[in-house]
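If you read the sequence from its start, that first residue is 1, and numbering goes on from there. Each ligand, and each atom within it, is numbered from 1 in the order the structure gives. Worth saying up front: this structure is predicted, and the values here are computed from it rather than measured.
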Amino acid sequence: MNKQLQRHNAVRLQGRYGIPLLSLFLFMGLARAEVALPTRAQLDEAYQVSIKHLLNNLKHPGISPGAVIASPSTSSPNYFFHWTRDAALTHESLYQLFESTQDSELKQQIRSFANSWIDFETKAQINSMGKTAGLGEPRFFVNGFVNEAEWGRPQSDGPASRAITMMLWAQKILTEENGEDFVKTKLYRVEWPATSLIKMDLEYVAHNWRAPSFDLWEEVRGLHFYTLAMQRKALMMGAKLADRLQDLAAATFYLIEARNIEAQMNRFLEAGKPYVVVTLDHPDWTGNKHSGLDIAIAIAVNHVLYDDPFFTSHKDLFTNTLVELEKRFREIYPINHIDSHAPGIGRYPEDIYDGVAFSGAHPWFLATHASAEYYCKISKLEASSERALELKNKGLSFMARTLRHRNQETGEMSEQFSRYTGHLAGASHLTWSYASYITAYQACE
Ligand code: NOJ
Ligand code: NOJ
């Protein structure tokens, strides 16, 4: 779409929704005139509250220890399940918190949740064996059993993400007294066939990454940049861990497969678009994702690529992906016209999932946090301090957006916020929304 047409569309959309919405918001006393950056106090307060809400979800009554509910919501939508992906990303943010906090009580809590999570995943892995998707099973009941309802499966980012967070812990534990015993008992053993948690996931990744799987949004079957990035990272970390534990043949094998994955990842950069496309090789394409634009690219960078030459040597193409997404979402969501904050960001421009049904999608907390985190992370790669500050402020302006739309009394963040009113939408208290705030906050410190 050319510039003029874009401007035309933006004006047209504003004409359609802008005036009534603006008066509505003026009436509600919410309108703001200029780009606002959040204050340190606002950011800190939301950080503490997000940690509290996240931990509350892990302590939710009636769940097995170690289960990570996606949300306490049991209907419209029912998210009262343990998703492997949500759990792994949540525990990754907790690991970061563990590493950065001075609060010894919090440290202890995180460690104990991580231990329960290890035991929960060990059971979940066993329960998924022999089922349709094997270790690629995306979703479990809160007691660790497989939910066999029809669903998009396998989702192959799951085992990779789980292995990544487990390996962060494994490497840390290996530096502790008797750590090696713990790792060999619970996490990684040199044996074949694999029976330990991390090695089973790594073998699954190394042997199955070529097979199409469902994307992180559980909708499209194909080969996904996000999934491949997680798989490559898991195998690279796996090679290090295998080497450390004298599993030398495995270390070599994991490295070779990581390189093979990298060759595939290059195809997403060279797909003829001025940005990184999200999915290729979709064998039963019925979807509407024509642009190939998706915030999953930023999520991949934030978790596993930002310090990697694969990313740094193509940084402009990645950043252009975010610039394009920002432009599209600014046009698409009326809420983004009422002020000059950075726009609320959704999953992908063609999305219609409203959090319960398909009336049209809204911006997501975790997608907007992913943009914040991305800009704050790349600000640290800048040599010029002026440019670095500009990028960091851009990141912070996305934080201002979600701070504005979370519940102002309780600090609750759900999955989405309404594209019309900014009010909470979709699953309540989404665990991943809090986890993504925590990692964005840390990146933007
Ligand atoms: C629920 C999934 O979790 C969500 O990502 C998806 O958009 C809808 N189902 C529709 O498939
Ligand atoms: C829907 C999202 O699309 C998916 O990524 C997530 O795993 C589930 N909801 C649970 O939060």
Side-chain angles (χ1 to χ4, degrees), residues 50 53-54 57-58 60 63 67-93 121 124 128 133 136-142 146-147 149-162 164-165 213-222 224-227 229-230 278-279 287-289 294-300 302-303 345-358 360-370 412-417 424-439:
S50 295
H53 285 313
L54 190 157
N57 281 359
L58 304 188
H60 195 86
I63 63 175
V68 179
I69 49 171
S71 147
S73 174
T74 53
S75 67
S76 302
N78 184 1
Y79 272 36
F80 199 66
F81 296 100
H82 172 100
W83 267 266
T84 307
R85 165 184 40 260
D86 296 46
L89 300 179
T90 297
H91 272 282
E92 193 194 330
S93 76
E121 293 292 2
S128 67
E137 178 59 43
R139 200 175 66 140
F140 295 82
F141 288 111
V142 296
V146 172
N147 173 240
E150 200 182 318
W151 207 251
R153 56 168 72 85
Q155 292 177 23
S156 297
D157 62 309
S161 317
R162 177 166 59 197
I164 289 171
T165 306
S213 79
F214 278 82
D215 69 322
L216 80 166
W217 310 132
E218 319 188 289
E219 298 173 329
V220 179
R221 203 164 75 95
H224 314 285
F225 184 84
Y226 174 84
T227 303
M230 299 305 274
V278 69
T279 295
N288 57 351
K289 291 177 77 169
D294 196 306
I295 197 63
I297 303 299
I299 304 177
N302 294 340
H303 284 283
I345 301 292
R347 298 190 295 183
Y348 55 91
E350 303 86 352
D351 197 3
I352 54 168
Y353 174 57
D354 61 16
V356 183
F358 299 97
H362 302 293
W364 282 45
F365 282 96
L366 71 90
T368 310
H369 292 151
E412 175 180 349
M413 295 186 202
S414 52
E415 181 183 70
Q416 315 184 15
F417 45 97
L424 299 186
S428 60
H429 286 296
L430 191 84
T431 310
W432 191 357
S433 294
Y434 299 126
S436 61
Y437 183 83
I438 292 172
T439 51

Open item on the list: Side chain or backbone, does D86 bring an N or O within less than 3.5 Å of an N or O on ligand 2?
Closed with: yes

Task: Step-by-step side chain to side chain contact (heavy atoms under 4.5 Å, CB included) determination, L89 to W432 - done: CA-CA 7 Å; L89 300 179; W432 191 357; 3.4 Å; yes

Task: Between E218 and W151, a side-chain donor and acceptor under 3.5 Å - done: yes

Open item on the list: Quick check on E415 - does any of its heavy atoms sit under 4.0 Å from an atom of ligand 2?
Closed with: yes

TODO: Before signing off on this row, confirm whether W364 and ligand 2 have an N or O atom pair separated by under 3.5 Å.
DONE: no

Task: Minimum non-hydrogen distance to atom 5 (O) of ligand 2, winning option of L216, T431, I299, L366 - done: L216

Task: Residue R85 vicinity, atoms of ligand 2 by number, heavy atom under 4.0 Å - done: 4 (C), 5 (O), 7 (O)

Open item on the list: Can you classify the ring geometry of F80 versus H60 as parallel (below 30°), tilted (30 to 60°) or perpendicular (above 60°)?
Closed with: perpendicular

TODO: Take the angle between the ring planes of W83 and F81 and call it parallel below 30°, perpendicular above 60°, tilted in between.
DONE: perpendicular

Task: Part of W217 within contact of ligand 2 (heavy atoms, under 4.0 Å) - done: both

Task: Minimum non-hydrogen distance to atom 1 (C) of ligand 2, winning option of Y353, F81, W432, Y79 - done: Y79

- [ ] May I ask you to check whether H224 and T279 show a side-chain donor-acceptor distance below 3.5 Å?
- [x] yes

- [ ] Applying side chain to side chain donor-acceptor pair (under 3.5 Å), name anything that partners Y434, two or more places apart in sequence or on another chain.
- [x] H429

TODO: Go through ligand 2 atom by atom and flag the ones less than 4.0 Å from a non-hydrogen atom of A70.
DONE: 10 (C), 11 (O)

- [ ] Would you kindly say whether W217 and D294 are connected by a side-chain donor-acceptor distance under 3.5 Å?
- [x] yes

- [ ] Go through ligand 2 atom by atom and flag the ones less than 4.0 Å from a non-hydrogen atom of W83.
- [x] 7 (O), 8 (C), 10 (C)

Open item on the list: With the threshold set at under 4.0 angstrom, would you say R139 reaches ligand 2 through any of its heavy atoms?
Closed with: no

